Amino acid sequence: MAEPRQLEFESIIGDLPVHLQNFDGPLDLLLHLIKKQELDIYDIPIALITRQYLEYLELMTELNLDTVGDFLVMAATLIHIKSRTLLPRPDPAQDDAEEDPREALIRRLLEHQKFKAAAELLHEKEIARSAQWQRPDTVVNDVVGSAPEPEVEVDLFSLMAAFRQVLERAKQRPKVMLPPEQIPIETRITQLLERLSETDACGFEDLFEDVQTRSGMVVTFLALLEMIRLKLIRVFQQASFGAIRVYKRAQVDGAPTFQGMTHE
Amino acid sequence: MSELKSIIEALIFASPEPVTMKALMKLLESEPKEEIESAIAALKQDYERPGGLQLVEVAGGYQIVTKQEFHEWVRRLFHERTTQKLSVAALETLAVIAYRQPVTSPEIADVRGVNTAGVLGTLVDRKLIKIVGRKAVVGRPFMYGTTREFLERFGLNDITDLPKVEDMSELLGFDLPAGVAEPAPQTALPFDALGGDETEPIH
Amino acid sequence: MSELKSIIEALIFASPEPVTMKALMKLLESEPKEEIESAIAALKQDYERPGGLQLVEVAGGYQIVTKQEFHEWVRRLFHERTTQKLSVAALETLAVIAYRQPVTSPEIADVRGVNTAGVLGTLVDRKLIKIVGRKAVVGRPFMYGTTREFLERFGLNDITDLPKVEDMSELLGFDLPAGVAEPAPQTALPFDALGGDETEPIH
């Protein structure tokens, strides 16, 4: 039994102009208000129309319609016009270049109205045209043998659109993983030795500070292993899961030498 | 020449889009223009006969289509029309572009009272409008114009074929008094905007 | 009955498949079979007249097609069609070249995800692109760039006048997927590649 509820809802908006979704913008709404009350578009009672417009706007805000923004500017314009009508008219002899906002509004309304009418005429043309049926393409396939390749008009937009299409498609393709630029382990060892020469010991994690990539971390780790093998460093852990510290070692006789070291 | 007329009929029939005079002249290069023109005139007359088909001029070319009056019968052949409807907002935006072209997005928004960026995207996707240049003002906004597909969809031969403002008074429900209907630079409906000097045409 | 004949003509014309007698009887359910049959007979006779079209019986149904003797003309129509327009593949290739020039065939194939060698020939023939040099990599592939005709055709002063990808997204109201608009080396729009040092200009 949904009916009573619906009636109730309708009674709420009953004295309000219309269904909300009917309006495509503030000009549309204004035109509706003017038409509904059979007002003269050239002589709009601005106070009345402003009040109705604001009532409507209030309802829109209540319903949280996200199009309210477009309507607010018009509300400001209406209020501006209304306030002007309350002020004494400027001396007509003093012809200032500024257009009367009321006239400007009327002009916009007429303009808007004109294009609504144009849209209607276009729609009539569209209907007439859609009643004309064209030869289906399949018939020509029979004549020509094979379907011609679909073609598109060549203009700036189609060029841009084509490029966008290519980029989007490229984006969707799985990326070929190129091996990233690898730092050779030798280079990394030199870097780490330099780092350790500043301090005799440091935290294990600290040696990874300057690497961002996974492969950089792997290289650093391999370098450290190599340095341990070469007895260039010693690594200590205080306790299980404790912090690991790395110490630089003095060169030990008989240990394999690191070819990359320059100061030998 | 009867054979030329037949060839032209076959070409118009087979072409997936309206065949322009230019295309015909290119295809029939050995024929003088006058011959082609008189053959078309004769063909047009042929199609005046009673029958299910008609020869129409659309998007600057010729096309053979069924007569409107048999629409309902033909429609039975198909389960549903494949052409998608345009929303009122799209149609109104299209009207502004059609009459005012070339026109920028802010100019359209000004006439319609709402931002129309989303609708423009739809119309571009449906190939009814296209970018025709950039306006030589701050920001160099794109200017939009209608396409050949637009003409085809609405059965117009060219853009001057658009319904005239005078035809609108009835729809408007009031007369446009002198002054308002005057082609003021900002309010004119007709096609004065085409090729204005502030524009930078793209082709 | 002349109207019935016209309806049948419109139906045969608009149908994607040959229209069978059975289909006609279903579509024109209120008409007696004899009426339909005699309308078809009359229509057949109509199509005996000289003209570009014929009514044929095929696959157990009726179809309107062009007469055999004009097939060469119709074929030509489809050949000539490619003067103003491009296939989607050609247009995409042109777009990649325009935005990424100078660019080699393998590089274009890489961006498009398909091989485009054949299309390059078409674009060169149409004078929209030209060879601008060879790339100093293995195989020394040709590098392609757009021509003066290309600029004229698209109404551009120079190649930097091409709209940026960012412009498109803004004005058409759609968002580009993240990363695409960023000037990553693989997606960069600008023309920094022009005259890069890996190029070897020809002459």
Side-chain angles (χ1 to χ4, degrees), chain B residues 2-3 5-17 19 22-24 26-28 43 46 49-54 64-67 69-78 104-105 115-125 131-134 140-142 144 148 200-203, chain C residues 2-17 19 23-24 26-29 43 46-47 49-54 64-81 83-85 152-157 161 163 167-175:
Chain B
S2 162
E3 209 209 342
K5 193 179 75 177
S6 298
I7 293 171
I8 292 173
E9 187 182 21
L11 289 172
I12 294 174
F13 172 87
S15 174
E17 52 215 34
V19 183
K22 206 175 139 197
L24 282 177
K26 205 171 168 205
L27 286 163
L28 307 161
L43 189 65
D46 282 359
R49 71 192 165 214
L53 309 180
Q54 59 179 334
I64 297 168
V65 292
T66 61
K67 285 188 183 159
E69 56 209 276
F70 305 124
H71 172 54
E72 277 310 315
W73 294 103
V74 178
R75 211 164 54 91
R76 292 187 173 194
L77 275 174
F78 303 90
T104 66
S105 175
N115 187 315
T116 42
V119 181
L120 286 179
T122 313
L123 293 174
V124 164
D125 283 347
I131 292 163
V132 294
R134 296 190 120 163
R140 303 185 68 234
F142 285 126
Y144 296 89
R148 204 183 48 76
E200 294 174 27
I202 273 179
H203 31 66
Chain C
S2 161
E3 209 209 344
L4 182 59
K5 192 179 73 177
S6 297
I7 293 170
I8 293 173
E9 187 182 23
L11 287 171
I12 295 174
F13 174 87
S15 171
E17 289 121 34
V19 184
L24 282 177
K26 204 176 162 199
L27 288 163
L28 308 160
E29 48 190 331
L43 190 65
D46 282 357
Y47 273 84
R49 70 192 164 212
L53 310 179
Q54 59 179 335
I64 297 168
V65 293
T66 54
K67 286 189 180 156
Q68 273 94 332
E69 55 210 277
F70 305 125
H71 274 198
E72 265 321 299
W73 293 103
V74 174
R75 247 178 249 282
R76 208 165 152 188
L77 173 79
F78 286 93
H79 249 85
E80 297 284 323
R81 229 158 70 85
T83 48
Q84 293 265 324
K85 296 179 155 194
E152 275 172 24
R153 168 111 209 212
F154 290 91
L156 303 168
N157 283 326
D161 219 16
D167 293 350
M168 297 183 226
S169 60
E170 191 184 284
L171 278 144
L172 300 178
F174 46 70
D175 289 326

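Quick note: numbers below take in every heavy atom, side chains included, and nothing from hydrogens, waters or symmetry partners. As the structure is a computational prediction, the values presented were derived from the model and not from experiment. So you know, we letter chains A, B, ... as the sequences are listed, proteins then strands, and number each from 1.
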Minimum heavy-atom distance B:Ser6-C:Pro50, with the two atoms named: OG-C, 4.4 Å
Proximity breakdown for B:Ile64 and chain C, heavy-atom pairs closer than 4.5 Å: both
Any residue meeting side-chain contact (heavy atoms from CB on, under 4.5 Å) with C:Gln68, in chain and number order, not counting sequence neighbours: C:Gln54, C:His71
Closest approach of B:Ala10 to C:Leu53 (non-hydrogen atoms, all atoms of both residues): CA-CD2, 4.3 Å
Audit row: B:Trp73, C:Ile8, side-chain contact (heavy atoms from CB on, under 4.5 Å) steps and yes/no: CA-CA 9 Å; B:Trp73 294 103; C:Ile8 293 173; over 6 Å; no
Interatomic spacing from CZ in B:Arg49 to CZ in C:Arg49 - rounded to 0.5 Å: 3.5 Å
Atom pair CD1/CD of B:Ile7 and C:Glu69 - distance to nearest 0.5 Å: 9.0 Å
B:Val65, part contacting chain C, at a heavy-atom distance under 4.5 Å: backbone
CG on B:Leu77 to CG on C:Leu24, rounded to 0.5 Å: 8.5 Å
